[in-house]
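Below is one structure, written out as structure tokens; the observations come after it.
Since this is a predicted model, take the numbers as computed values, not measurements.
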Amino acid sequence: FMGMIDLAAKDMLNDNKYFADTVNYFLHNGDKVILPEQLSDMSIKQFVLFDMNEDDNENKKRDEIDRYRDLLKAVKANNTDGEIICITGLENQAAVNRAMPVRDMLYDSLSYTQQIKDMADKKKPLFNGMPSDKYLKPVITIVINFDSKPWDEPLSIHELIDPKHREYLAYVQDYRINLIDPHRMEEEDFDKFETDLGNVLRLIKRSKNKKE
């Protein structure tokens, strides 16, 4: 059943109209700032090949990391030929996932690494080859809770750290997930969506109340 929800959510949100509506809700309080024609599909496979022993060409070891996102699109300035403003991913959760902060952090890290790889001098090791006049595009991942129960798991890395060992949290970089949870939304929030996604989320919030 959860697989069916996940596939249905991906099919719906892959439509640029719904994707833009979701991003506008989260980033712009529902204002129609990002238009569907500004979106361009990106590969959902996050793959990076590393040279693990970069200083020894004869004994160079290679390793790879690959992960699959749900949806990933570039937001461009004007249209599909414009400059990229940011890279946005949507993760549809049919079930609450405790490890989501770590998972999203990995996705975003791989997206930034891919950007460096694309612009780096191929004759140099990956992280030494980024030109001094180049900058990264922001990567934003939004998690949508399609579960019939509220998101009751940690929203950040800090919350996942064992409470018995939090004396070093000041030195631990935090990472918070961007969450759309219908169970935390007020009635007026659902009306900020331009598409019927607002009603889908409203239905999820009320799904355990037979009368509603």
Is the backbone of Lys17 close enough, under 3.5 Å, to the side chain of Asp15 for a donor and an acceptor to pair up by distance?
-> yes
Could you list the residues that satisfy side chain to side chain donor-acceptor pair (under 3.5 Å) with Asp191, not counting sequence neighbours?
-> Arg202
Asn29 side chain to Lys192 side chain, donor-acceptor N/O pair below 3.5 angstrom = yes
A side-chain contact here means heavy atoms from C-beta on lying under 4.5 Å apart; do [X] and [Y] qualify?
X: Asn145; Y: Pro182; answer: yes
X: Asp174; Y: Glu159; answer: no
X: Gln114; Y: Asp118; answer: yes

Residue pairs involving residues 123-134 (criterion salt bridge (Lys or Arg N to Asp or Glu O under 4.0 Å); sequence neighbours excluded) = none
Tell me the salt bridge (Lys or Arg N to Asp or Glu O under 4.0 Å) pairs involving residues 136-146, sequence neighbours left out?
-> Glu83-Lys137
Output every pair passing ring-ring contact (aromatic ring centres under 6.0 Å, His included) with a member in residues 150-184, not counting sequence neighbours, ordered by first then second residue.
-> none
Throw together a table of side-chain donor-acceptor distances under 3.5 angstrom for residues 84-94, partners on residues two or more places apart or in other chains.
| residue | atom | partner | partner atom | Å |
| --- | --- | --- | --- | --- |
| Glu91 | OE1 | Arg103 | NH2 | 3.4 |
| Glu91 | OE2 | Asp70 | N | 3.1 |
| Gln93 | OE1 | Arg103 | NH1 | 3.4 |
| Gln93 | NE2 | Ala95 | O | 3.1 |

Partner set under ring pair (Phe, Tyr, Trp, His ring centres under 6.0 Å) for Phe193, not counting sequence neighbours = Tyr25
In this structure, OG of Ser111 is separated from CG of Leu106 (nearest 0.5 Å) by 9.5 Å
If you measure from the Lys or Arg side-chain nitrogens to the Asp or Glu carboxylate oxygens, is any gap between Lys164 and Asp162 under 4.0 Å?
-> yes
Under a 4.5 Å side-chain heavy-atom rule over Ile, Leu, Val, Met, Phe, Trp and Tyr, are Leu39 and Leu27 clustered together?
-> yes
